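Here's the structure we're looking at; comments come further down.
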Amino acid sequence: MKRKDLNRLAQDLPPGIDISSLIDVCFLLLIYFITTTVILPAERDLPMGHGLPGDEKTKSTIDSVLIQIHSSGEIIEGQGFGELQLDADPGVRDLPLLESRLDVRRQVARATGQELMVVIAADHDARTQRVVDVLNVLAGMEIGKVTFRDLDQGR
């Protein structure tokens with residue numbers, strides 16, 4: 001009698017699929033991808049709103065430093081005969097040559113009691129990450145006076 005009751009119970013239940021093993025596999029894949037993900041270095045915060053154009057409280061600045069960012073990823077300081085290529089590999093996120101050049105300029109500006117201003121001239125086709133790399137160097141050196149212009153402007 002008991003056997004008939006079990007058969008009747010099994011027939012009354014709708015057919016189903018046990019997905020507990022599928023859920024286990026999904027969690028294992030999730031853990032795998034989380035642990036193998038490469039975490040990019042955090043971008044530095046850039047304070048905005050200090051020394052805006054027309055602000056009468058800003059100090060006078062020395063000649064601005066021009067940093068050119070080309071579509072090839074090349075970073076050049078200066079313009080004309082004074083151009084100096086600082087980095088040409090867009091895969092490298094650290095820019096030690098740019099940092100050392102700006103450090104010298106910043107020390108000269110501080111010695112004269114002035115503030116260094118940087119003009120970033122980026123090409124239309126330049127990668128945004130390359131511009132962010134330059135901005136990270138500026139933020140790390142606490143250079144707050146930064147302005148942008150088109151690379152083709154003034155040529």
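In what follows, residues are counted from 1 in the order of the sequence shown. Owing to the predicted nature of the structure, the values given are computational and were not obtained by experimental measurement.
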* Asked: Between the side chain of Glu77 and the main-chain N/O of Leu66, is any donor-acceptor distance below 3.5 Å?
  ->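 Between the backbone of Leu66 and the side chain of Glu77 there is no qualifying donor-acceptor contact (under 3.5 Å).
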* Ignoring hydrogens and angles, tell me if any N or O in the side chain of Arg130 forms a donor-acceptor pair with the backbone of Gly73 under 3.5 Å. =>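 The answer is yes, because a donor-acceptor pair under 3.5 Å joins these two groups.
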* Do Val65 and Leu102 pass the side-chain contact (heavy atoms from CB on, under 4.5 Å) test, and can you show the C-alpha distance, the side-chain angles, and the key distance before you say yes or no? -> CA-CA 8 Å; Val65 176; Leu102 288 175; 4.0 Å; yes
* To do: Name all pairs fulfilling the salt bridge (charged side-chain N to carboxylate O under 4.0 Å, His left out) condition that reach into residues 23-34, sequence neighbours left out, sorted by first residue then second.
  =>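 For residues 23-34, and leaving out neighbouring residues, there are no salt bridge (charged side-chain N to carboxylate O under 4.0 Å, His left out) pairs at all.
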To the nearest 0.5 Å, how far apart are [atom1] in [X] and [atom2] in [Y]?
X	Y	atom1	atom2	answer
Leu30	Thr35	CG	OG1	9.5 Å
Ile67	Ile120	CD1	CD1	5.5 Å
Leu98	Met141	CG	CE	8.0 Å
Asp125	Ser71	CG	OG	5.5 Å
Arg106	Leu116	CZ	CG	8.5 Å
Phe33	Leu28	CZ	CG	11.5 Å

* Asked: Taking only residues two or more places apart in sequence or in another chain, which ones pass side chain to side chain contact (heavy atoms under 4.5 Å, CB included) with Ile23?
  ->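 Only Ile19, Phe27 meet the side chain to side chain contact (heavy atoms under 4.5 Å, CB included) criterion with Ile23.
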* Is the shortest heavy-atom distance from the side chain of Val119 to the side chain of Phe148 under 4.5 Å? ->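 Of all side-chain heavy-atom pairs linking Phe148 with Val119, none is under 4.5 Å.
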* To do: Treat each ILVMFWY residue as a node, draw an edge where side-chain heavy atoms are under 4.5 Å apart, and state whether Ile76 and Leu95 are in one component.
  =>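 No, Ile76 does not connect to Leu95 through the hydrophobic network.
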Those residues that, when tested against [X], pass side-chain hydrogen bond (donor to acceptor under 3.5 Å, both in side chains) (two or more places apart):
X	answer
Gln107	Asp103
Asp18	Ser20
Ser100	none
Glu74	Gln85

* Which pair of non-hydrogen atoms, one from Gln68 and one from Gly78, has the smallest distance, and what is that distance? ->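 The answer is NE2-O, 2.7 Å.
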